[in-house]
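To find a chain, count down the sequence lines: A is the first, B the second, and so on, and within it residues start at 1. Computed from heavy atoms alone, side chains included, the values below leave out hydrogens, waters and symmetry copies.
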Amino acid sequence: MRPTLAMRGLCKSYATPVLDGIDLDLLPGEVHALVGENGAGKSTLSRILAGLTPPDSGTLELEGEPYSPSNKRAAEQAGIHLVMQELNLIRTLSVAENIFLDHLPHRAGWIRYPQLHRDAAEVLARIGLPHLDPQTPVEQLGVGQQQMVEIASRLWRPCRVLILDEPTAALTDPEVASLFHQIRQLQSQGVAILYISHRLEEIRQIANRISVLRDGHLVATRLATELPIDDVVRLMVGRELGTANFTAGRTRGPIALAVRNLHAGDRVQNISFDAFRGEILGVSGLMGSGRTETVRAIFGADPIESGQIFLHGNTQPATIRSPRDAVRLGIALLTEDRKGQGLFLSLAVRENLTVNTLPSFASAVGWISRIRETASVRGWLQKLQVRCDSPEQGIAQLSGGNQQKVVVARWLLRDCDILLFDEPTRGVDVGARFEIYQLLADLAAQGKCIVVVSSDLTELMMISDRIAVLSNGRLTAEFTRHAWTQDKIMAAALSGYLSPTTTP
Amino acid sequence: MNRPAPHPVPSRSLPPASRWPREHLGTLLALAALVLVFSLATRHFFSPANFRTIANQIPSALLVATGMTYILLLGQIDLSVGSVLALSGAVVGVALSQGHWPLPAAALAGLAAGALCGAFNGLVTLRWRLPTFIVTLGTLEMARGGAHALTHSQTLYLGSAIESLADANVLGFSLPFLIAITVVLAAQLLLTRTVFGRHVIAIGTNPEAARLAGINTRPVQLAVFVSTGCLVALAALIDCSRFQAANPNAGIGLELQAIAAAVIGGTSLMGGRGSVVGTFIGVLIIAVLNSGLAAVGAKEELKRLITGAVIIAAVIADLYRHRRP
Ligand SMILES: Nc1ncnc2c1ncn2[C@@H]1O[C@H](COP(=O)(O)OP(=O)(O)OP(=O)(O)O)[C@@H](O)[C@H]1O
Ligand SMILES: [Mg+2]
């Protein structure tokens, strides 16, 4: 069969070689999974295919014709579309406007809004978001929904090749299912799909063939049926990960965080729970169920309408009016929106890592000791295996997973007692993911209180001692390790939308 | 679980402290080129007397531009500096000529006026989350009105009451020049070496991320506004002593000069990127351009045309230097 897109000897170097002689064929109607560690060069490869970065050498052929896109538009005209790893929506525009931004229906320049909204509603319904109003401004959406809108904005276009760069990093199971449904439809129309993900479970479900990228080389391209997940991992990271137990060796300590009747906006309705020292509490729920909003309210990032928060068993409720107050009281929040709310994109890795711990490297008058700062940064970069040229490298140049490690390290450096981690492994590769799990387990064993929000249920079941389930802004169930099953958790996650007392 | 052998983080790039001469190489070369061109074009330009004149002209511009650099680093803008300069000058003038206050007391009153204007800008901006462009546009009008009201729209001649300040000199440098240089150095170190400076950069780069990192953003921003007001008042005091007068029309267009100097020196209007040393070089470039064009006998309209072109060229050059691959 003639490949839709053939890559021959693609090379790309920045400070160091990133891609080194890549030969890869994408066949019509196949889902080709591309896996590799953080910084292996997956996004670089997809940017080359989509015309965003020129390769240093090598050639591309699209259905037998030479293909060298000079920009994104040229690639799209040739039928190659890319859903990028980072969110690239325009926050002030509506969902519909974002989906059709470069093809707004108009008559002599006047936008035809009725048609726009009709078309957008149809696209949204197709990818499983029938209830999302196309007129909603994007800034009101959570990261998961933004990700879906981003995908929707590529899916309606006629295409020959679709590249999805970690499309599911912030999605929960139902959205993943409807995405896969769409992918299978495109597949049956003969579209070639390049699928990049760190969730190997998904790859097993959807991929026909798997290619593994390591240190700039393609180390294997096999049929998915011939390559078990364990082998994928070994090829990716070059070692066995084994099965670790992330819950052993810790005992639950005294109470650290008690939340009572918390209300904040529609997404946080009467939430009460306890979290203890020496414990990891998982928070599960569907997209838009209020998980992020709950931790943000606790952290003082959004105003609380009513409810109380008690810390460390105090009988007096704590006053947390701003993130500043929360941090002073020893609470940390890792935000889910890395680019918008976590990173200082134009600054260096070092400055990103130490931004909230500067006083600990400084004298009483605030004079920073660069030597101590850099030494500490180096230590953490090494501990989390961050791939970068030096602490002075701009953070924007790091791969997505490595950026995530830097923002995680920022809070570990701060040494808070209560750690609220919203999607801590978003975009992180399997090896580093296990490192982060181990780190969380170690922190819990040291007696920290850890709350992990995650859309990846497998992950939560692996690391948590208890899992609280939110549904439609309410806490609908809480399970201990021995009581939960995937089905029970999913049922609880849906229950808030079904109960007759609430209107969805 | 077996852990991988850690791959060390290589230490390739230079520590940031030694980065600044390279960072400003372009503007320094441009400055040198201007000096060279004007020196060749006229004989009067390259003389100690002319350089002394330039050194006496720049201190107030330098102080204002330093404050402006911090404001721009925060991602804000301050259009009111020119009017605040006139208002502070008017306060000093009225205190000296009508109140017959001693010089230190009058100077303090002037500083207080500047600080109050800065605090007003900061508090209104932060309390109602307004764009500083609008807030400081309002302050621009109000402060100018205040200056005219205080002086009854007359230039107040102060004479000997204040000349001591400008005339004092150490090792041949005027006192205002030394003050301005000290402020520039201190502001640069504050920016690059202290917690405060790093927080300013973080807030200017991504205010939401800074807030969620637990930085107390309001006091930092307010401090920058108030300090800028103080620097402007200091500049007013220096101008009063240089002209031995307080003029309610002083400082018209000063905000644009200060922004131009900062931008030429590589400060971004989007916040988060810039340096005080760069601004210093920017002020020098504008001063040399002014004095050089005057020395070759260029008319006012030609001077403005060339100055404008230089600003745009500087920004374009800066864009190329910082372009991402
Ligand atoms: N503009 C750039 N300048 C310098 N280095 C870069 C630049 N862009 C990417 N790199 C480097 O290239 C390498 C590959 O990056 P890439 O984003 O392709 O990784 P990835 O495989 O997508 O990783 P992840 O799984 O974390 O998304 C990284 O080490 C990154 O630091
Ligand atoms: Mg990537």
Engaged part of [X] at the chain B interface, taking heavy atoms whose separation is under 4.5 Å:
X	answer
A:Ile331	neither
A:Thr53	neither
A:Ala326	neither
A:Arg296	side chain
A:Thr335	side chain

task = Can you see which heavy atom on A:Ala432 is nearest to which on A:Asn38, and at what distance?
result =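 Closest approach of A:Ala432 to A:Asn38, heavy atoms only: CB-OD1, 4.2 Å.
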
inquiry  = Within residues 355-367 of chain A, which residues come under 4.5 Å of chain B, heavy atom to heavy atom?
reply    =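 Within residues 355-367 of chain A, the residues under 4.5 Å from chain B are A:Val355, A:Asn356, A:Leu358, A:Pro359, A:Ala362, A:Gly366, A:Trp367.
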
request  = Say whether, by atom type as modelled, one donor and one acceptor occur between the side chain of A:Arg321 and the main chain of A:Pro303 under 3.5 angstrom.
outcome  =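 No: the side chain of A:Arg321 does not pair with the backbone of A:Pro303.
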
ask   = Below 4.0 angstrom, N of the basic side chain to O of the carboxylate: do A:Arg433 and A:Glu459 qualify?
value =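 Looking at A:Arg433 and A:Glu459, the cut-off is met.
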
key: Carboxylate-amine/guanidinium contact A:Arg387 A:Asp429, below 4.0 Å   =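 Salt bridge absent between A:Arg387 and A:Asp429.
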
task = Give the member of B:Leu190, B:Leu189, B:Thr205 that has the highest number of heavy-atom pairs under 4.5 Å with chain A.
result =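 Highest number of heavy-atom pairs under 4.5 Å: B:Thr205.
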
message = I need the residue from B:Ala202, B:Gly272, B:Gly197 with the largest number of non-hydrogen atom pairs under 4.5 Å to chain A.
response =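 Answer, by heavy-atom pair count under 4.5 Å with chain A: B:Ala202.
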
Just by distance, with hydrogens left out, do [X] and [Y] show a side-chain donor and acceptor under 3.5 Å apart?
X	Y	result
B:Ser275	B:His24	yes
B:Thr139	B:Asn121	yes
B:Thr69	B:Thr279	yes

request  = Assign the ring pair A:Phe246 / A:Phe434 to parallel, tilted or perpendicular, where the plane angle (0 to 90°) is split at 30° and 60°.
outcome  =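 Rings of A:Phe246 and A:Phe434: perpendicular, over 60°.
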
ask   = Do other residues, nucleotides or ligands put more than 12 heavy atoms under 6.0 Å from the CZ atom of A:Phe344?
value =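 For A:Phe344, atom CZ is crowded (more than 12 foreign heavy atoms under 6.0 Å).
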
